[in-house]
Amino acid sequence: MRHSNEAQNTHIRLPAGRHGLLRETKVHYKTHYCGDLRKGDSGQEVLLAGWVHRRRDHGRLIFIDLRDTRGLVQVVFNPKTAPEAHAVAEQVRNEYVLCVRGTVSPRPAGTENAGLPSGEVEVVAGEAQILNTAKTPPFYINEEVEVDELLRLRYRYLDLRRISVHDRFAVRHRVNKYIRDFLDARGFYEIETPILTKSTPEGARDYLVPSRVYPGNFYALPQSPQQLKQLLMVAGFEKYYQIARCFRDEDFRADRQAEFTQLDLEMSFIDQKDILDLIEELYAGMIPALRPDLKLAPVPFPRLAYDDVMRRYGTDKPDIRYGMELADVTDLGPTCDFAVFRDVIAAGGQIRGFAAPGGAAFTRREIDSLTQFVEDQGGKGLISVALLGEGGIDDLTPEDIRSPMHRYLSMELIKGMAQRTGAKRGDLLILVADEPKVASAALDALRREMAARLNLADPQVAACCFVVDFPLFDWSESEQRWDSVHHPFTAPKAEDLALLETDPGKARSKAYDFVINGMEGAGGSIRIHRREVQEKVFELLGMAREEAQYRFGHMLEAFEYGAPPHGGIAAGIDRTVAFFTGAPNIREVIAFPKTQSAYDPMMGAPSPVSPKQLEELGIAITKSTEVIAPVEGAPQADLQ
RNA sequence: GGCCCCGUGGUGUAGCGGACUAACAUGCCACCCUGUCACGGUGGAGAUCGGGGGUUCGAAUCCCCUCGGGGUCGCCA
């Protein structure tokens with residue numbers, strides 16, 4: 001019965017022109033959006049079309065919440081006044097596609113629904129037609145219930161139908177629109193660059209596309225339009241941007257998908273400050289525009305040196321919504337009779353830590369659970385020191401200390417730590433002794449964990465900063481050569497040019513990141529535009545002239561034709577939208593994302609291709625896996 | 001590749017060695033109901049517990065393997 005043709009044909013004539021609203025020659029479905037109707041529309045005859053969100057059948061009266069992209073409105077079907085429409089409403093089930101002609105009316109006194117934006121009115125149905133039936137959905141569309149992610153992705157088109165999910169894409173649209181308007185007003189051109197481009201051996205693994213015309217050769221999908229945008233600068237465009245899709249064949253995370261979207265931009269005849277100022281202006285405008293509820297410190301956003309943030313936060317993307325800055329007490333290590341400290345210091349390590357406010361109240365069990373964060377970062381452990389009792393820090397006595405390592409720690413070290421972190425009694429000192437890299441990583445993880453436990457990261461605050469003066473290189477132990485921290489075209493700071501000859505590891509670059517609430521929001525650099533500097537960098541990267549020519553010949557050649565000084569930045573759109581919408585991961589703001597194992601359960605991608613296709617490409621399969629078909633378990637309703 | 005969490009009717013959960021012939025809510029189906037808005041009432045159908053193997057008199061419950069989802073480290077110039 002439900003899915004019979006009868007239901008389809010239970011119809012009124014398709015709505016056509018009455019009251020001059022509609023043209024006879026054209027089929028019209030709606031004159032208004034359901035979610036837009038308000039008291040002021042009372043008395044109007046409207047034509048609505050949407051999905052049945054929920055039906056309440058009282059035997060005689062039937063209420064249907066009709067949903068479209070703008071929201072819900074209640075439609076009333078009265079068998080006395082509109083028997084035909086009522087008969088249609090009896091047939092209707094959730095998610096049927098329905099067209100209704102009716103009159104907007106104020107609801108009878110006492111029946112208004114304050115929980116609904118359109119709750120002061122209802123539409124009294126005169127005519128109704130089922131435009132399409134629907135199977136019972138595999139999960140609730142009309143309720144906010146957590147659903148298995150695989151199932152959501154399998155039926156992503158239904159998942160997206162949920163209003164809360166829908167809303168995130170409204171935000172995404174507005175972010176894109178804001179950016180385009182902002183950059184347009186400043187003379188930027190939006191220029192598209194190829195998706196089929198060239199594989200470059202650095203960086204992430206490429207997604208490859210085989211060439212039919214040149215069997216055995218491959219295009220690569222861009223990891224970012226990096227080189228192309230630099231060539232646009234050589235081409236004289238001066239201000240370029242693109243909301244660009246990027247592809248990286250690496251493992252997924254909550255904030256990483258195989259394909260993601262960047263605001264990519266590049267400018268000529270500018271220096272670092274110009275880029276930072278631009279991004280600052282963009283975000284300082286966009287954040288209040290999209291999230292007026294957020295507290296945002298006035299510009300300028302802090303511009304912090306890399307060395308400084310590593311020292312104070314242990315990370316290059318600090319969350320500066322809260323304090324708990326790190327302090328170094330390596331110098332006080334020798335005051336303790338502790339073999340661990342001796343060994344660490346002898347090996348060039350550090351003793352650093354921070355103070356968790358009120359953390360002295362943590363149980364032994366709670367403190368022990370922190371050890372895992374240190375171990376995850378390759379550290380051996382942590383030392384906790386609870387500061388008890390009353391009075392100032394200077395008066396601390398051994399009786400005021402509670403620590404598993406009590407007997408190894410000197411009061412000098414504990415007091416020093418407390419003073420340098422500004423700790424008070426009732427706080428918990430957390431110390432890590434390790435090589436600098438490990439100590440930083442562990443303390444960063446601990447600091448974020450403590451912030452979460454102590455509720456210090458206020459979700460109503462947007463704390464932005466720039467991190468600048470990144471090192472140009474770091475040493476690759478496995479390759480026994482220098483590696484670019486950013487990428488090989490990143491310019492050194494002018495005052496550090498000489499260091500390229502004497503001490504490359506000390507050279508700082510004109511690379512910068514934009515950080516918002518501990519999230520890397522954007523990153524970029526000023527590029528090298530002079531040949532001799534570029535050659536020196538390639539040399540330090542262990543790249544012979546021929547190899548550089550082979551890999552980057554097109555870039556080097558272009559730069560010989562008058563490359564302007566230039567630089568740019570790329571901002572993560574997915575992460576930005578996730579931030580604005582409070583989404584816990586970027587899948588929530590990508591219309592059709594993939595699972596953690598890079599599978600699209602809706603389309604069933606990736607999939608095998610026909611032997612003919614492979615033949616044309618000159619490709620033989622030497623290794624293959626069975627790709628799982630989209631999950632079984634389609635809706636059962638039609639089977640009953 | 002490592003580690004952690006998860007996988008029970010359509011959906012969300014409970015059950016964690018025997019009373020499970022697997023419970024609850026919701027959804028679904030039928031009937032009733034003129035103002036509800038997560039409408040209400042009555043009745044009904046629906047899962048062998050991701051898959052495989054093992055332990056046991058007995059397994060949804062314990063063990064091993066495996067598949068899938070999520071988180072994270074490695075990786076992501």
Side-chain angles (χ1 to χ4, degrees), chain A residues 1-2 53-65 72-81 86 93-94 107-116 118-119 122 124 135-155 158 200-206 223-224 226-227 246-258 260 372-373 375-378 441 445 473-474 476 479 482-490 511 520 523 525 541 551 584-585 587 594-597 599 601 625-626 628-640:
Chain A
M1 179 69 165
R2 288 190 44 201
H53 188 71
R54 189 169 263 122
R55 190 179 74 118
R56 291 177 293 280
D57 184 344
H58 286 243
R60 297 299 181 93
L61 273 190
I62 296 175
F63 299 94
I64 287 177
D65 293 336
L72 300 177
V73 73
Q74 172 168 284
V75 183
V76 194
F77 295 83
N78 192 323
K80 279 233 172 83
T81 57
H86 183 267
R93 293 295 181 274
N94 283 348
R107 294 198 187 185
T111 67
E112 299 88 352
N113 184 350
L116 205 62
S118 66
E122 61 192 6
V124 180
K135 289 182 173 183
T136 301
F139 50 80
Y140 299 105
I141 292 171
N142 54 11
E143 274 178 50
E144 289 305 321
V145 179
E146 290 253 333
V147 182
D148 180 69
E149 280 221 35
L150 186 61
L151 194 67
R152 291 178 59 197
L153 293 188
R154 167 79 175 83
Y155 296 97
L158 296 179
T200 54
E202 302 61 40
R205 219 172 279 118
D206 284 318
Q223 297 179 23
S224 82
Q226 180 61 40
Q227 296 186 16
C246 306
F247 306 85
R248 293 179 189 176
D249 187 2
E250 297 292 346
D251 289 346
F252 292 21
R253 286 286 189 287
D255 60 351
R256 275 164 33 192
Q257 280 267 310
F260 59 99
Q372 191 59 44
F373 291 89
E375 288 174 359
D376 286 348
Q377 301 299 329
F473 303 112
D474 59 9
S476 166
E479 308 274 332
W482 294 104
D483 237 345
S484 290
V485 167
H486 191 55
H487 61 61
F489 303 107
T490 301
E520 185 185 329
S525 67
L541 294 174
R551 289 190 188 181
N585 62 64
R587 291 187 302 280
K594 294 176 179 58
T595 67
Q596 197 169 66
S597 48
Y599 178 64
T625 311
E626 191 124 344
I628 326 82
V631 292
E632 294 303 315
Q636 299 296 306
D638 57 328
L639 301 177
Q640 292 173 1

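Numbers restart at 1 for each chain; the letters A, B, ... are given by sequence-line order, proteins then strands. Note that the structure is a prediction, hence the values are computed from the model and not measured.
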How long is the straight-line distance from [atom2] of [Y] back to [atom1] of [X], given to the nearest 0.5 Å?
X: A/Leu158; Y: A/Lys135; atom1: CG; atom2: NZ; answer: 10.5 Å
X: A/Asn585; Y: A/Asp255; atom1: CG; atom2: CG; answer: 9.0 Å
X: A/Gln257; Y: A/Lys594; atom1: CD; atom2: NZ; answer: 7.0 Å
X: A/Phe252; Y: A/Tyr599; atom1: CZ; atom2: OH; answer: 13.5 Å

Does [N] have its OP1 or OP2 closer than 4.0 Å to a side-chain nitrogen or oxygen of [X]?
X: A/Arg253; N: B/rC75; result: no
X: A/Asn142; N: B/rU26; result: no
X: A/Thr595; N: B/rG68; result: no
X: A/Arg587; N: B/rG71; result: yes

What nucleotide, of [options], holds the atom closest to the side chain of [X]?
X: A/Val145; options: B/rA77, B/rU11, B/rU34; answer: B/rU11
X: A/Gln226; options: B/rA77, B/rU34, B/rG27; answer: B/rA77
X: A/Asp251; options: B/rA77, B/rC75, B/rG69; answer: B/rC75
X: A/Glu149; options: B/rU26, B/rU34, B/rG69; answer: B/rG69
X: A/Val147; options: B/rG12, B/rC29, B/rU34; answer: B/rG12

- Close side-chain approach of A/Arg107 to A/Asn113, heavy-atom, < 4.5 Å: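 In short, these two side chains touch, coming nearer than 4.5 Å.
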
Atom pairs, N/O to N/O, protein against nucleotides 47-51 of chain B, distance under 3.5 Å?
none

- Side-chain ion pair, A/Asp251 and A/Arg256, N-O less than 4.0 Å: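 Looking at A/Arg256 together with A/Asp251, the answer is no, because their closest N to O distance does not fall below 4.0 Å.
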
- Message: Please give the distance between the C1' atoms of B/rC75 and B/rU66 as a whole number of Å.
- Response: 25 Å

- Separation between the C1' atoms of B/rA22 and B/rU48, rounded to whole Å: 9 Å

- Polar side-chain contact A/Tyr599-B/rG69 base: donor and acceptor under 3.5 Å: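 Answer is no: no donor-acceptor pair is held.
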
- Describe, in one word, how the ring planes of A/Phe63 and A/His58 are oriented to each other, choosing from parallel (under 30°), tilted (30 to 60°) and perpendicular (over 60°). perpendicular

- On RNA chain B, more 5' by nearest nucleotide between A/His486 and A/Pro584 is A/Pro584

- So which heavy atom on A/Trp482 is nearest to which on A/Phe473, and how close?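 Of all heavy-atom pairs spanning A/Trp482 and A/Phe473, the closest is CE3-CB, 3.5 Å.
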
Might you list the N or O atoms of the protein lying below 3.5 Å from N or O atoms in nucleotides 36-41 of chain B, with each pair's distance?
residue	atom	partner	partner atom	Å
B/rU36	O4'	A/His58	NE2	3.4
B/rU36	O2'	A/His58	NE2	3.4
B/rU36	O2	A/Arg56	NE	2.6
B/rU36	O2	A/Arg56	NH2	3.3
B/rU36	O2	A/Gln74	OE1	3.3
B/rU36	N3	A/Gln74	OE1	2.7
B/rU36	N3	A/Gln74	NE2	3.0
B/rU36	O4	A/Gln74	NE2	2.7
B/rU36	O4	A/Arg107	NH1	3.2
B/rC37	O4'	A/Arg56	NE	3.1
B/rC37	O2'	A/Arg56	NH1	3.4
B/rC37	O2	A/Gln74	OE1	3.4
B/rC37	O2	A/Asn113	ND2	3.1
B/rC37	N3	A/Arg107	NH1	2.5
B/rC37	N4	A/Arg107	NH1	3.2
B/rC37	N4	A/Thr111	O	2.1
B/rA38	O3'	A/Arg54	NE	3.4
B/rC39	OP1	A/Arg54	NE	3.4
B/rC39	OP2	A/Arg54	NE	3.4
B/rC39	OP2	A/Arg56	NH1	3.0
B/rC39	N4	A/Asp57	O	2.3

- Item | side chain to side chain donor-acceptor pair (under 3.5 Å) partner of A/Asp65, chosen from A/Arg55, A/Arg54, A/His53, A/Arg56 | A/Arg56

- For A/Ser597, answer base if it contacts any base atom (sugar-phosphate contacts may also be present), sugar-phosphate if it contacts only those atoms, and nothing otherwise; contact means non-hydrogen atoms under 4.0 Å.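 Contact class for A/Ser597: sugar-phosphate only.
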
